[in-house]
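The next block holds one structure in the form of structure tokens; read it before the comments.
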Number of protein chains: 2
Amino acid sequence: MQLEEGQRVIQQALLRGRLCVVVGHCHVKYHGRAASKLSQGDRLLVVKPDGTFLVHQGKKMAAINYQGPGAIVSAELKEGALLVKAERSKPMNEVIEVSFDSLQAAHSFTLKDDENLRLFGSERQLADLLEQDLALIEPGLKPLKKEAFMRKGRIDLMAQDKKGALVAIELKRRNAGLDAVTQLKRYVDELSKRQKFEVRGILCAPEITANALKMLEREGLEFFKLDYEVSNPSAKIKGLEKKQKMLNEFR
Amino acid sequence: MQLEEGQRVIQQALLRGRLCVVVGHCHVKYHGRAASKLSQGDRLLVVKPDGTFLVHQGKKMAAINYQGPGAIVSAELKEGALLVKAERSKPMNEVIEVSFDSLQAAHSFTLKDDENLRLFGSERQLADLLEQDLALIEPGLKPLKKEAFMRKGRIDLMAQDKKGALVAIELKRRNAGLDAVTQLKRYVDELSKRQKFEVRGILCAPEITANALKMLEREGLEFFKLDYEVSNPSAKIKGLEKKQKMLNEFR
DNA sequence: GCGATCAGCGGCACG
DNA sequence: CGTGCCGTTGATCGC
């Protein structure tokens with residue numbers, strides 16, 4: 001395929017708000033938040049109507065070079081090559097230049113699509129479900145207003161135990177690591193400073209790494225193993241047996 | 001384009017290790033670490049030779065559904081639709097089903113590409129440069145170790161100040177937030193526990209958020225504003241003026 | 001708009 | 001392999 005035809009396809013796609021797909025031999029330069037060079041090779045270029053610009057190699061999931069929505073895309077013939085540029089000013093001035101010296105294909109498509117993804121099993125959804133049955137974590141646990149306690153960062157769930165102590169619950173949808181523990185600790189420290197009461201912190205996740213558990217113990221925080229299943233209408237929390245590790249039950 | 005021809009294109013591409021690009025009207029289901037449904041609409045499907053599987057809508061950078069390298073892809077005709085599946089067992093059993101009821105195009109391409117991206121301006125590179133001139137942060141600062149791997153996480157730069165105190169330096173290539181502070185604090189705490197010496201912590205970033213700075217101060221840590229420029233052969237640290245905030249010089 | 005956090009994060013490198 | 005963390009993270013939500 002001729003470079004001229006490729007240019008025409010791209011320009012038409014840009015004008016008409018169509019998706020554009022180009023495959024060819026190219027090299028790529030990027031300069032912006034970082035900078036990069038990619039020497040000659042065959043790649044797939046995808047340009048979306050919203051300005052999204054993706055350069056893919058034949059491996060891996062992530063695009064090797066990219067530009068987010070809002071990029072201004074242009075296509076010109078320069079020095080015997082088809083130069084496709086994507087420029088953006090949003091986070092900062094950024095530019096990608098893809099220089100094709102030959103093309104395998106260049107097509108454009110109209111994509112009619114008004115649908116949004118419906119996702120099940122997000123942390124937010126788990127929090128909503130868990131809030132409805134906090135006794136699952138510990139008998140007598142009562143939910144409190146979440147928003148009242150948001151100041152810096154947000155606590156997934158605030159509750160009060162049967163002894164009246166404040167309980168901050170940090171929820172993770174996957175294996176919890178050190179970051180989850182430090183995050184919970186930060187909230188508990190913050191609350192402890194503001195409240196005169198005892199404040200407990202419970203990390204609620206399907207798993208926890210060994211290091212994170214050790215740190216959790218050192219900090220006097222607690223872990224509750226949360227089993228859940230992603231299913232169709234909603235996520236189901238399987239929690240039956242309480243495998244909670246009461247690490248500071250002395251209080 | 002007929003669904004049968006699309007099926008043939010996909011199957012041939014899979015057999016021959018070619019990149020496959022399909023555009024058509026479809027709905028998508030996913031079940032794995034989470035679950036999702038996406039109703040009918042026009043989408044772009046990209047299948048890479050390594051099993052990477054990407055379903056793109058006409059907006060946004062991120063694929064709406066995806067599967068990483070190693071996925072097993074199949075294409076079959078079922079109930080009058082072209083059903084393309086991607087199955088994976090790696091993180092856990094996961095499956096995406098894309099069901100096309102019509103196709104705009106289905107093409108495959110051979111991508112010859114042995115090149116790797118050369119990236120400039122990464123945090124690692126900044127660490128290398130900074131290590132060569134630690135006096136920029138503070139006169140008398142001597143490098144001890146780069147990328148010091150601790151049991152939990154790694155410290156970007158370890159140094160010793162002119163008084164002999166241990167200095168942990170956390171480097172961020174962009175605006176530092178609360179997470180950067182908690183990370184640094186974790187390292188300093190860990191070192192303080194192991195060392196008898198004084199341990200200082202310096203967060204080194206182009207910017208810091210107001211909240212993060214407050215927390216940094218509370219924790220007795222320090223901030224050094226790092227100016228740098230990404231350029232072609234390498235990143236350059238511009239640091240001239242030391243705007244370092246000495247927050248705990250009393251010690 | 002910035003700030004903080006989540007993500008089916010992905011990818012990498014060390015243990 | 002798991003653990004931890006960077007990323008041109010991107011995307012979302014609340015302020």
Side-chain angles (χ1 to χ4, degrees), chain A residues 30-36 52-53 59-69 71 86 88 90-96 117 119-127 146-147 150-156 170-180 182-183 186 207-213 230, chain B residues 30-36 52 59-69 88 90-96 117 119-127 147-156 170-180 182-183 186-187 207-212 230:
Chain A
Y30 159 71
H31 195 284
R33 285 167 290 179
S36 71
T52 296
F53 190 93
K59 293 174 183 177
K60 297 286 173 64
M61 254 196 62
I64 193 70
N65 280 114
Y66 55 87
Q67 204 77 252
R88 191 160 62 144
K90 282 263 295 221
M92 58 181 288
N93 279 354
E94 298 197 293
V95 65
I96 302 180
L117 188 76
L119 181 69
F120 312 104
S122 65
E123 184 188 289
R124 178 60 175 269
Q125 199 179 62
L126 289 181
K146 292 179 271 193
E147 294 148 17
M150 298 194 335
R151 191 156 291 190
K152 29 186 78 166
R154 72 166 221 283
I155 302 172
D156 292 330
E170 175 64 28
L171 188 58
K172 289 293 164 197
R173 66 179 311 287
R174 57 173 180 169
N175 198 359
L178 288 172
D179 53 344
T182 53
Q183 200 176 332
R186 195 200 309 155
E207 279 182 291
I208 186 168
T209 67
N211 277 339
L213 183 57
V230 293
Chain B
Y30 159 71
H31 195 283
R33 284 167 289 180
S36 70
T52 295
K59 294 176 182 174
K60 299 286 175 63
M61 254 197 63
I64 193 70
N65 280 114
Y66 54 87
Q67 205 75 260
R88 192 159 63 141
K90 279 259 295 215
M92 58 179 288
N93 279 354
E94 299 197 293
V95 66
I96 301 180
L117 188 76
L119 181 68
F120 313 103
S122 65
E123 184 189 287
R124 175 61 175 270
Q125 200 177 64
L126 288 181
E147 303 263 337
F149 283 88
M150 307 179 56
R151 276 192 299 275
K152 29 184 89 169
R154 70 163 188 258
I155 302 175
D156 292 330
E170 175 64 29
L171 189 58
K172 289 293 165 197
R173 65 183 307 287
R174 56 174 178 168
N175 196 358
L178 288 172
D179 53 344
T182 54
Q183 199 176 328
R186 201 163 61 210
Y187 298 146
E207 278 181 291
I208 185 168
T209 67
N211 278 339
V230 293

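Everything quoted here is computed from the prediction, not taken from an experiment. Chain A is the first sequence line, chain B the second, and so forth, proteins listed ahead of strands; every chain is numbered from 1.
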Presence of donor-acceptor pair under 3.5 Å, side chain of B:Gln67 and base of C:dG8 | yes
Would you say the side chain of A:Leu117 lies within less than 4.5 Å of the side chain of B:Asn65, judging by non-hydrogen atoms?
-> yes
Please answer whether the main-chain N or O of A:Arg173 pairs with a side-chain N or O of B:Arg33 as donor and acceptor at a distance below 3.5 Å.
-> no
In whole angstrom, what separates A:Leu213's CG from D:dG2's P?
-> 17 Å
Distance in angstrom units between B:Glu207 CD and C:dG1 C1', rounded = 14 Å
Rounded to the nearest angstrom, tell me the gap between atom CG in B:Asn65 and atom P in D:dG10.
-> 20 Å
Touch class at under 4.0 angstrom, heavy-atom based, for A:Ala210 against every strand present | sugar-phosphate
Could you tell me the separation between the NZ atom of A:Lys90 and the C1' atom of D:dT9, rounded to a whole number of Å?
-> 16 Å
Per nearest nucleotide of DNA chain C, the residue lying toward the 5' end, B:Gly177 or B:Tyr30, is B:Gly177
N or O in side chain of B:Thr209 less than 4.0 angstrom from C:dA4 OP1/OP2 = yes
Encode nucleotides 9-15 of chain C as B, S and - characters from 5' to 3', where the letter depends on protein heavy atoms closer than 4.0 Å: B to the base, S only to sugar-phosphate, - to neither.
-> BSSS-SS
Would you classify B:Ser36 as touching base, sugar-phosphate or nothing, given that sugar-phosphate means primed atoms plus P, OP1 and OP2, and contacts are heavy atoms under 4.0 Å?
-> nothing
Closest of C:dT5, D:dT8, D:dT3 to the A:Asn175 side chain is D:dT3
What is the nucleic acid contact for B:Gly32, judged by heavy atoms within less than 4.0 Å: base, sugar-phosphate only, or nothing?
-> nothing
Separation of the P atoms in C:dG8 and C:dA4, to the nearest angstrom = 23 Å
Round to the nearest Å and state the distance from B:Leu119 atom CG to D:dC6 atom P.
-> 15 Å
If you measure from the P atom in C:dG11 to the same atom in D:dA11, how many Å do you get, rounded?
-> 16 Å
Might you confirm whether atom NZ of A:Lys59 has over 12 heavy atoms from other residues, nucleotides or ligands at distances under 6.0 Å?
-> no
Contact class for A:Leu117 (heavy atom, under 4.0 Å): base, sugar-phosphate, or nothing?
-> nothing
In whole Å, what separates the C1' atom of D:dG10 from that of D:dC6?
-> 14 Å
Could you give the NZ-to-P distance, from A:Lys172 to D:dT3, as a whole number of Å?
-> 16 Å
Could you check whether B:Gln183 gets within reach of a base, just the sugar-phosphate, or nothing at all, counting any heavy atom under 4.0 Å?
-> sugar-phosphate
5' priority, DNA chain C, between B:Ile96 and B:Ala176 [closest heavy atom] | B:Ala176
NZ-CG distance between A:Lys172 and A:Asp156, expressed to the nearest 0.5 angstrom | 6.5 Å
Could you tell me which non-hydrogen atom of A:Ala34 sits nearest to which non-hydrogen atom of B:Leu119, and how far apart they are?
-> CB-CD1, 4.0 Å
CD on B:Glu147 to CD1 on B:Ile155, rounded to 0.5 Å | 11.0 Å
What is the distance from CE of A:Met92 to P of D:dT9, rounded to the nearest Å?
-> 10 Å
When rounded to the nearest 0.5 Å, the distance separating CD of B:Glu170 from OG1 of B:Thr182 is 9.5 Å
Is the backbone N or O of A:Asn93 less than 3.5 Å from a side-chain atom of A:His31, with the two atoms forming a donor-acceptor pair by type?
-> no
Protein-nucleotide distance (A:Ile155, atom CD1; C:dA4, atom C1'), rounded to Å = 14 Å
